[in-house]
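Along the sequence shown, residues are numbered consecutively beginning with 1.
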Amino acid sequence: MAPHEALGARAAAVSAQGWGWRHGGRRTPAVHDLDLEIAPGERVLLLGASGSGKSTLLHGMAGVLGGDDEGDATGRLLIDGRPAAATRGRSGLVLQDPDAQVVMARVGDDVAFGLENLGIPREEIWPRVDAALDAVGLDLPRDHSTAELSGGQRQRLALAGVLAMRPGLILLDEPTANLDPAGVLEVRDAVARVAEESGATFVVIEHRVSTWLPLVDRVIVLGTGGALIADGAPGDVLDARAAELRAAGVWLPSEVPWHAPAPGAASRHPLLTADRLDVARVPGVPVLRGVDVQVDGGGILAVTGPNGVGKSTLALTLAGLLRPEGGRLIAGPELAKGAHGEPWRWRSRELLTRIGTVFQSPEHQFLAGSVRAELEVGPRALKLPAAEVDARTEALLHSLRLDRLEGVNPFTLSGGEKRRLSVATALATRPRMLVLDEPTFGQDANTWRELARLIVALRDDGVGVVAVTHDEAFVDAVADRRLELHRPAGDERVAPAGTASGEARR
């Protein structure tokens, strides 16, 4: 059986004819009057500033934007000459968060899930599942637990689930945003194999272009409101129009938008000390042992390491949201300010002005119905005067480019906008320490630079910053120290911690 037959793909054509979409509750459309043609088999990198409508366009191609109650469409968006919403199974969408796409407990069942929903005959399902797993290089038994997969494996599993449906159009929305460097290459290489073997059309959104340039033959750049500002061969677009794209916030290969000046050593002071700290999500099941690290006010500590090693669990423990599994975690006098020395014992009101936390998934911390109301939650909980609440809210709306979105429901924001809002909510109570989990994902070059500058300004004001990140550009540009965590060696079941290093920047 030839590869094209094994994967069953017939490359799809895409046509946008004056197409636009306005999300419900928004005054302005996310995409407006877009004219675009993508030929069967083309490999497209879709770029643009945060909030430019890239994800809206991709979701439109996948036919999952919803009906009239969820927004208003104009013009036509067609797959193979038919409305995208009517071409069920022709497009397959892979999202940026692998955890959001795993629906079943076993690998084989997860890949089969989409096929069952399409009504594929049972005798066809398992051969398709096996072919899809082989195509993405996920060499695991069908009954392997999805809970035991790494981030890169989960993203390959999501891709396999799409391939099993044999789409003619593969849509990838920042599929490597939260993956470690090895996971990024795993997913990129899996897509490369699939593109070569299936011949399917694919469109990938990614802010960091270097990873995907070897795979694509066309670059499309969207501007404000989904306007088409560049379209052509990668070299023609990225080289000839570099200055224009840089101004629009598009990441260019091998460019870092900003490097922070080094902090003065005298400005640092200890806020929190971990001594042989063990951490666990589930009590009694440690994922990381023996962490020795100090968080300094006036310093930025980057926590790095592969997916699944325990970085996020460590972050939540340092933030006082999880009880340590072992060892000691003690707040210094400046951070404790009369409260108990162990942060996990602090009440939520005590945490508000001491340690601010930004979760890996922004949606996990949204509580209000608008961006402005979300920013007001913390200051109001502190019972600050109305004038002070307004002043803090206005400053954060402006500094993180959320002004035009102040009345919008947080759950309808783009991924990059949600991240900026989640950072802003943590800053609204002006804590003395800030714990950030993947603070820069989904950011264009301009918003990345603004976030980096804001974090460095907090450092210079004496705030202690802990940032869990896979973003090496961020580590090199702003971090003062790095804590590198490692996978377990041999038969160890729990990862030993690395050691904090002062050599964060090259």
Side-chain angles (χ1 to χ4, degrees), residues 11 13-20 30-58 60-61 77 169-177 184-185 188 191-192 195-196 200-259 401 414-416 440-452 471-474 476-477:
V14 179
S15 177
Q17 302 169 4
W19 184 76
V31 179
H32 175 67
D33 200 25
L34 178 67
D35 292 311
L36 182 66
E37 302 289 333
I38 298 176
E42 280 196 293
R43 305 174 182 182
V44 178
L45 177 60
L46 182 60
L47 303 177
S50 176
S52 62
K54 302 183 301 298
S55 291
T56 298
L57 175 57
L58 220 65
M61 292 178 185
L77 184 58
L169 175 62
I170 299 171
L171 305 168
L172 309 165
D173 193 352
E174 294 198 68
T176 63
V184 168
L185 294 179
R188 193 277 311 272
V191 172
E196 184 65 28
T201 308
F202 84 75
V203 181
V204 57
I205 294 173
E206 184 60 75
H207 281 294
R208 306 300 176 84
V209 303
S210 300
T211 298
W212 295 95
L213 280 181
L215 271 66
V216 302
D217 49 38
R218 182 179 176 187
V219 171
I220 295 173
V221 185
L222 299 184
T224 303
L228 189 63
I229 62 174
D231 183 3
D236 294 341
V237 171
L238 297 174
D239 295 337
R241 305 184 66 172
E244 180 185 358
L245 298 182
R246 188 180 296 111
V250 174
W251 282 90
L252 296 174
S254 304
E255 286 195 9
V256 177
W258 183 69
H259 283 82
R401 294 198 184 197
S414 72
T440 58
F441 89 76
Q443 301 307 309
D444 63 48
N446 288 337
T447 57
W448 184 97
R449 179 173 57 247
E450 287 157 7
L451 263 178
D471 184 351
E472 283 296 321
F474 178 81
D476 291 345

Please list, chain by chain and in numerical order, all residues satisfying salt bridge (charged side-chain N to carboxylate O under 4.0 Å, His left out) with E255, sequence neighbours excluded. R246
Is there a side-chain contact between L171 and F202 in this structure, where contact means two heavy atoms from C-beta onward sitting under 4.5 Å apart? no
One thing to verify: whether E196 and R43 come together as a salt bridge, which I'm taking to mean a side-chain N less than 4.0 angstrom from a carboxylate O. yes
Might you point out which heavy atoms bring P214 and R188 nearest each other, and give the distance in Å? CG-NH1, 4.4 Å
Sorted by chain and residue number, the ring pair (Phe, Tyr, Trp, His ring centres under 6.0 Å) partners of W448 (sequence neighbours excluded) come out as W251
Please name the pair of heavy atoms, one in A477 and one in V256, separated by the smallest distance, quoted to 0.1 Å. CB-CG1, 4.3 Å
For H207 and G442, indicate whether the former's side chain and the latter's backbone hold a donor-acceptor pair under 3.5 Å. yes
Closest non-hydrogen contact found for L252 with A242 is CD1-O, 3.6 Å
Taken in chain and number order and not counting sequence neighbours, the residues that satisfy side chain to side chain donor-acceptor pair (under 3.5 Å) with T201 are none
Test of understanding: with side chain to side chain contact (heavy atoms under 4.5 Å, CB included), list the residues that count as partners of A49, not counting sequence neighbours. D444
How would you list, by chain and number, every residue that makes a side chain to side chain contact (heavy atoms under 4.5 Å, CB included) with S15, sequence neighbours excluded? Q17, E37, L78
Is K54 reaching over with its side chain to a backbone N or O of I205, donor-acceptor style, under 3.5 angstrom? no
Hey, are the side chains of L169 and V203 touching, using non-hydrogen atoms and a 4.5 Å cut-off? yes
For D471, all residues meeting salt bridge (charged side-chain N to carboxylate O under 4.0 Å, His left out), sequence neighbours excluded: R208
Over all heavy atoms of both residues, which pair between T447 and S50 is shortest? Give the atoms and the distance, please. OG1-CB, 4.3 Å
Quick one, W212 and L172 - any side-chain contact, counting heavy atoms below 4.5 Å? yes
Please set out all donor-acceptor pairs under 3.5 angstrom arising from side-chain atoms of residues 220-239, sequence neighbours excluded.
residue: D231; atom: OD1; partner: R218; partner atom: NE; Å: 2.8
residue: D231; atom: OD1; partner: R218; partner atom: NH2; Å: 3.4
residue: D231; atom: OD2; partner: R218; partner atom: NH2; Å: 2.8

Which heavy atom in G41 sits nearest to a heavy atom in D217, and how many Å separate them? O-OD2, 4.5 Å
Say whether, by atom type as modelled, one donor and one acceptor occur between the side chain of E244 and the main chain of R241 under 3.5 angstrom. no
Can you check whether S55 reaches S414 side chain to side chain, under 4.5 Å on heavy atoms? no
Set of side chain to side chain donor-acceptor pair (under 3.5 Å) partners for R401, sequence neighbours left out: E450
Looking at every non-hydrogen atom in both residues, tell me the closest pair between T56 and W19 and how far apart they are. O-CH2, 4.0 Å
Would you mind telling me which of L215, I170, T176 makes a side chain to side chain contact (heavy atoms under 4.5 Å, CB included) with V191? L215
Passing option when V44 is tested against I38, V14, L36 for side chain to side chain contact (heavy atoms under 4.5 Å, CB included): I38
